[in-house]
Amino acid sequence: MLDLKFIRENPELVKQGIKNKNEKDRVDEILALDEKRRDLILQTDELKAKRNTVSQQVGQMKKSGQDASQIIAEMKNVSDQIALLDSQLNEVEEKLEDILMFVPNIPHHSVPVGKSSEDNVEIRQWLPEGFSFRKEDKFSDHIEIGKKLKILDFERGAKLSGSGFPLYLGKGATLERSLINFMLDYHLEYHGYSEIFPPFLVNRDSMKGTGQIPKMEEDMYYIEKDGLFPIPTAEVPITNIHRNEILNEKDLPVKYVGYSSCFRREAGSYGKESKGFLRVHQFNKVEMVKFVKPETSYDELEKLVNDAEDILKALQIPYRILMLCTGDLSFSAAKCYDIETWSPAENRWLESSSCSNFENFQARRANIRFRNEKTKKPEFVHTLNGSGLATSRLMVSLLENYQTPEGKVIVPKVLQKYTGFEIID
RNA sequence: GGAGAGAUGCUAGAGUGGUUGAAUAGGCUGGUCUCGAAAACCAGUGUGGCACUUGUUGUCACCGAGGGUUCGAAUCCCUCUCUCUCCGCCA
C-alpha cells in the first residue's frame, strides 16, 4: 500500500508510476476522498474534545451534588452529531481503503519504462564451461524424458487432481526432494539465512499483507469452509511472520529461507505454455525473504539475485538475468529481476526465479516496522523476496541439459550426495 | 466435537462507569555515587491520525477485533478471534 500522505504530496509522480505499470489510475478519486476525510476528522475531533471536557464537568457536578440534567441533555445532542459524523467518516475511510488496496506499488526510477515482457532488459548471461546453444541437436523435452525414464507422470497426476498437478515417480521423486534439500542447505551454509518451515494455508490478513489480495484473489485457491488460502508462494507466510511487529534495528537484515509447495489457480492462462511443468497448479519452491533497512534495500536486492544465481552455478545450468520493465512488474514490486534457465528442447529461456524489492509497500500493508536507534521512532522496513529457486522450471532445464544421447539423465555433481545415485536410467 | 477460564504497555500484574494513557514491580535508557562495576537513589520510557503559529505545540483515537448501552466505557452488554485447562477423537 502506498502512503496516503505521499500520494497527497506527490500526485503526479504516483500517477506516472501507475501509468507505467499499465494500471488504472484513481489518484484524483483518492485525493477527493482524502480531503473529505480530513474535513470530517476536523469536525468530529472538535466535538469530541467538547464532549470530553463537559463529561468531566458532569462527573464533578454529580460528586458535589449539583443537578447536571441540563448539560446532559445538551451533550446527548452532541453525541448524536458525533455518531453521525463518525459513521460518515467510517464510510469515507472504508472507500478510501478499498481503493488504496488496489493501487500498485510504483516502480523504482532505475526500472526501464516498458509495456510488456518484450521490453525487459537482459542484464547478463551465465553459461557453464563448454556449453553451446546446440540448436541442430535433437533434444528430447522434459515430458518425453520423464515418460521414458518413468520419473514423471503427468497423466496420472491429472487423474488424481486434474491437469497441472505433477506426479513424480521413483528417481524423479528423489531428484525433486534432493534439489529442495540442496538449495536449502546451500542458502543456510553459504548465504546466512535462517530456515523456516511455514504453514501452507494462511488467512486473509496474511494474503492482504503481501498484496495477493484483493487484486489477485481470482488466481488464489480458497477454502471457504475455513477461510483459508493455500499459499501461492512461501513469501506469504514468511513475510507475514513479522506482521504487526516492531523489529530491532540491530537484528536487520532478517533473512529467512523456506521451502513450500505453491498453489496457483492460473485462472485464464491455459494455452501453449501449459504443457508439462511449464505451467502447473502445484509446484515446489525454496523462497528467500529479507526484512531490511530502507537505505540498504537495493544493495540487498542485488545480493538476493546473486544468492539465487549461486544455486544455478553450482548446478551448472545456463541462465540469464532480466530486469523487468515497468509494465511487467508485479503489483507489489518496485523493482524485479527474473532469472531464466535455458531449455534446449524448447529452445528458449524459462522463468525460474523472480527477485523483487517491495520497498515498504508490503511492510505498510502488513505493518512491519523496526525501531530506528537514532530517532527512537518506528519506521517501515523494506521487504524483498526471491525464489531460490522454483523446482518445476528448473527441473525442465536440468533434465534437458543433463540428458545423454542414450536418453539417460546424469545427476548434477552437487546433487549426487543427496540422491545417492549418479544417473537416472 | 463437549465443558470451563482468560486476553491490559517491553514483561509481570492492578484497575468501585467520571483528570486512568492507564497503579505497582521488573526490564530498558539517562543521571548521581564509584578508579571501575554492583548496589542504592533520581529521572525518563507506547503507537497512530488530524491541525496549525512545525512546538519541550494542541487535539482526537487506541487496554485482543468489531458492534452496542451511556452525558461519559479498559470497566456494563452482544458477536467474533486467539490462548490455556479438562474430556472425547486422532497422525
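Within every chain, numbering begins at 1; the chains are lettered A, B, ... in the order of the sequence lines, protein sequences first and strands thereafter. Keep in mind that what you see is a predicted model, and the values were worked out from it rather than measured.
- A search for ring-ring contact (aromatic ring centres under 6.0 Å, His included) contacts involving A:F380 returns nothing, not counting sequence neighbours.
- By the side-chain hydrogen bond (donor to acceptor under 3.5 Å, both in side chains) test, A:D425 pairs with no residue at all, sequence neighbours left out.
- Between A:K62 atom NZ and B:rU70 atom P there is a gap of 13 Å when expressed in whole angstrom units.
- To the nearest angstrom, P of B:rC82 lies 13 Å from CZ of A:R243.
- RNA chain B is contacted by no residue of residues 195-208 of chain A, taking any non-hydrogen atom closer than 4.0 Å.
- Straight-line distance from the CD atom of A:Q56 to the P atom of B:rG72: 14 Å, rounded to whole Å.
- A sub-4.0 Å separation between OP1 or OP2 of B:rG72 and a side-chain N or O of A:S79 is present.
- No engagement by A:V54 is indicated, since no non-hydrogen atom pair under 4.0 Å with the nucleic acid exists.
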Check nucleotides 63-66 of chain B for protein N or O atoms closer than 3.5 Å to its own N or O atoms and list the pairs.
none

When you check every protein heavy atom under 4.0 Å of nucleotides 49-59 of chain B, what one-letter string (B, S, -) results, 5' to 3'?
BSS-------S
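- To the nearest whole angstrom, the two P atoms, one in B:rC71 and one in B:rG66, are 23 Å apart.
- The pair A:E346-A:K275 counts as a salt bridge, with a side-chain nitrogen and a carboxylate oxygen less than 4.0 angstrom apart.
- Partners of A:K293 under the side-chain contact (heavy atoms from CB on, under 4.5 Å) rule, at least two apart in sequence or in another chain, are A:E249, A:L252, A:E295, A:T296, A:F370.
- With sequence neighbours left out, the ring-ring contact (aromatic ring centres under 6.0 Å, His included) criterion links A:Y319 to A:W126.
- For the pair A:K255 and A:Y193, the cation sits on the ring face: its NZ or CZ lies under 6.0 Å from the ring centre, inside 45° of the axis.
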Under a cut-off of 3.5 Å for both distances of each Watson-Crick or G-U pair, what dot-bracket string does RNA chain B give, using [ ] for crossing pairs and | for inter-strand pairs?
((((((((.[[[..)..(.....]]]((((((.......))))))(((((((..).)))))).[[[[[..)....]]]]])))))))....
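- Partners of A:T53 under the side-chain contact (heavy atoms from CB on, under 4.5 Å) rule, at least two apart in sequence or in another chain, do not exist in this structure.
- Mapping A:Q60 and A:A73 onto RNA chain B via the closest heavy atom, the residue that lands nearer the 5' end is A:Q60.
- Ring to ring, A:Y256 and A:H242 are close: their centroids are under 6.0 angstrom apart.
- A:Y168 and A:F277 have their aromatic ring centers within a separation under 6.0 angstrom.
- Rounded to an integer number of Å, the gap from CD1 of A:I71 to C1' of B:rU70 is 16 Å.
- Taking atom CD1 of A:I246 as the reference point, atom P of B:rC10 lies 7 Å away to the nearest angstrom.
- The side chain of A:K377 contributes an N or O atom lying less than 4.0 Å from OP1 or OP2 of B:rU47.
- As rounded to the nearest Å, B:rU19 and B:rG55 have P atoms that lie 33 Å from one another.
- Of the two residues contacting RNA chain B, namely A:K376 and A:R51, the nearest-nucleotide position lying further toward the 5' end is that of A:K376.
- For the C1' atoms, the distance from B:rG48 to B:rA39 is 40 Å, rounded to whole Å.
- Between the C1' atoms of B:rA22 and B:rG46, the separation comes to 11 Å (whole Å).
- Contact of the A:E12 side chain with the A:Q16 side chain is not registered, since no non-hydrogen atoms from C-beta on lie closer than 4.5 Å.
- Ring centers of A:F229 and A:F263: at least 6.0 Å apart, outside the cut-off.
- Among residues two or more places apart in sequence or in another chain, the ring-ring contact (aromatic ring centres under 6.0 Å, His included) test is passed with A:H382 by none.
- Against RNA chain B, the stretch residues 359-373 of chain A makes heavy-atom approaches under 4.0 Å through A:R369, A:R371.
- In this pair, A:H187 and A:H191 present their aromatic rings tilted. The plane angle is within the 30 to 60° band.
- Nucleotide B:rG72 holds its C1' atom 11 Å from the CD1 atom of A:I82, rounded to whole Å.
- For the pair A:N90 CG and B:rA61 P, the computed distance is 14 Å after rounding to whole Å.
- Distance noted for atom P between B:rU54 and B:rC35: 48 Å (whole Å).
- In this structure A:F421 satisfies the ring-ring contact (aromatic ring centres under 6.0 Å, His included) test with no other residue, sequence neighbours excluded.
- Contact annotation for A:K50: no contact, since no heavy-atom pair falls under 4.0 Å across all strands.
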Between A:R264 and A:D219, is the side chain to side chain contact (heavy atoms under 4.5 Å, CB included) condition met? List the steps.
CA-CA 6 Å; A:R264 301 187 179 179; A:D219 282 311; over 6 Å; no
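- Remark: the separation of the C1' atoms in B:rA3 and B:rG64 is 23 Å, to the nearest Å.
- In this structure, CD of A:E245 is placed 14 Å from P of B:rG9, rounded to the nearest angstrom.
- Remark: side-chain polar atoms of A:N248 are not paired, donor with acceptor, to backbone N or O of A:K250 under 3.5 angstrom.
- The same atom, P, is picked in B:rA23 and in B:rU45; the two are 11 Å apart, to the nearest Å.
- Using atom P as the reference point in both B:rU83 and B:rU8, the two lie 14 Å apart (nearest Å).
- Residues A:Y337 and A:E302 have side chains that bring a donor and an acceptor to within less than 3.5 angstrom of each other.
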A:L399/A:L175 under side chain to side chain contact (heavy atoms under 4.5 Å, CB included): CA gap, chis, key distance, verdict:
CA-CA 10 Å; A:L399 293 176; A:L175 183 63; 4.1 Å; yes
